[in-house]
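FYI, the numbering just counts along the sequence from 1.
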Amino acid sequence: MTNHIVLFEPLFPANTGNIARTCAGTDTVLHLIKPLGFSTDDKHMKRAGLDYWDKVKVVYHEDLLDFMATVPNLNQLYLVSKFAERDYTEVDYRLPGDHYFLFGKETTGLPEPFMRRYPQNCIRIPQDDNNIRALNLSNSAAIVIYEALRQQGFPKLARVHRYSDDKLK
């Protein structure tokens, strides 16, 4: 079982960088659907302080259709959106197979016709819609992936680590 975070046409390198760091720390595959609002070449990534970029498995897709052709089980594709009616904690992420969490562009989200085609796949993080338009993209990705990992028992992740200069010892 592998988890995948998928970003549809991300615009801001800081969000993608934060999500890449989460992916590196959770053994999650990162998918980027073009066009991107920034460059991911080595020079740009290092300048942004993303020295762990080589620790992330990144898969690029030319467009949404190209990405969709790679998803083996559409029942385990989750469209994360504030317009969804199902809470992200209501899904059983322990089911065998890969799980794909698709997040929309920071400014416009996922295309409405696409979401209308897959309403049963939409999930939402509860928020106070009177106070904000949406949660930050990188925070949203972390919230959802850690719920999936919690349900899965945090596979391959260290639950405890001892450091030579452990501040708790």
Would you name the heavy atoms of [X] and [Y] that are closest together and state the gap between them?
X: D92; Y: Y78; value: O-OH, 4.5 Å
X: Y93; Y: Q152; value: O-NE2, 2.9 Å
X: R94; Y: M1; value: O-CE, 3.5 Å
X: I33; Y: D63; value: CG2-C, 3.5 Å
X: L95; Y: H99; value: O-NE2, 3.0 Å
X: F103; Y: A141; value: CZ-CA, 3.4 Å

Measuring from [X]:[atom1] to [Y]:[atom2], what's the distance to the nearest 0.5 Å?
X: L149; Y: L157; atom1: CG; atom2: CG; result: 5.5 Å
X: T28; Y: Y146; atom1: OG1; atom2: OH; result: 8.0 Å
X: L32; Y: F38; atom1: CG; atom2: CZ; result: 6.0 Å
X: I145; Y: I143; atom1: CD1; atom2: CD1; result: 12.5 Å
X: L137; Y: I19; atom1: CG; atom2: CD1; result: 4.0 Å
X: Q120; Y: N75; atom1: CD; atom2: CG; result: 7.5 Å

Do other residues, nucleotides or ligands put more than 12 heavy atoms under 6.0 Å from the CZ atom of F83?
no

Within a reach of under 6.0 Å around CD of E90, are more than 12 heavy atoms found that belong to other residues, nucleotides or ligands?
yes

Could you tell me whether the side chain of [X] and the main chain of [Y] form a donor-acceptor pair under 3.5 Å?
X: E147; Y: V91; value: no
X: Q76; Y: P96; value: yes
X: E106; Y: L11; value: yes
X: N121; Y: L74; value: yes

Would you please test Y100 and T70 for side chain to side chain donor-acceptor pair (under 3.5 Å) and show each step?
CA-CA 11 Å; Y100 293 82; T70 69; 5.4 Å; no

When you group the ILVMFWY residues by side-chain heavy-atom contacts below 4.5 Å and let the links chain together, are [Y] and [X] in the same group?
X: M115; Y: Y118; answer: yes
X: L79; Y: L65; answer: no
X: I5; Y: V80; answer: yes
X: I123; Y: L7; answer: yes

For residues N73 and D98, is any side-chain donor paired with an opposing acceptor at under 3.5 Å?
no

Quick check: do K82 and R124 have side-chain heavy atoms less than 4.5 Å from each other?
yes

Do the two ring centres, one from F101 and one from Y88, sit under 6.0 Å apart?
no

Should the ring pair H31 and H4 be called parallel, tilted or perpendicular, given that the plane angle runs from 0 to 90° and is split at 30 and 60?
tilted

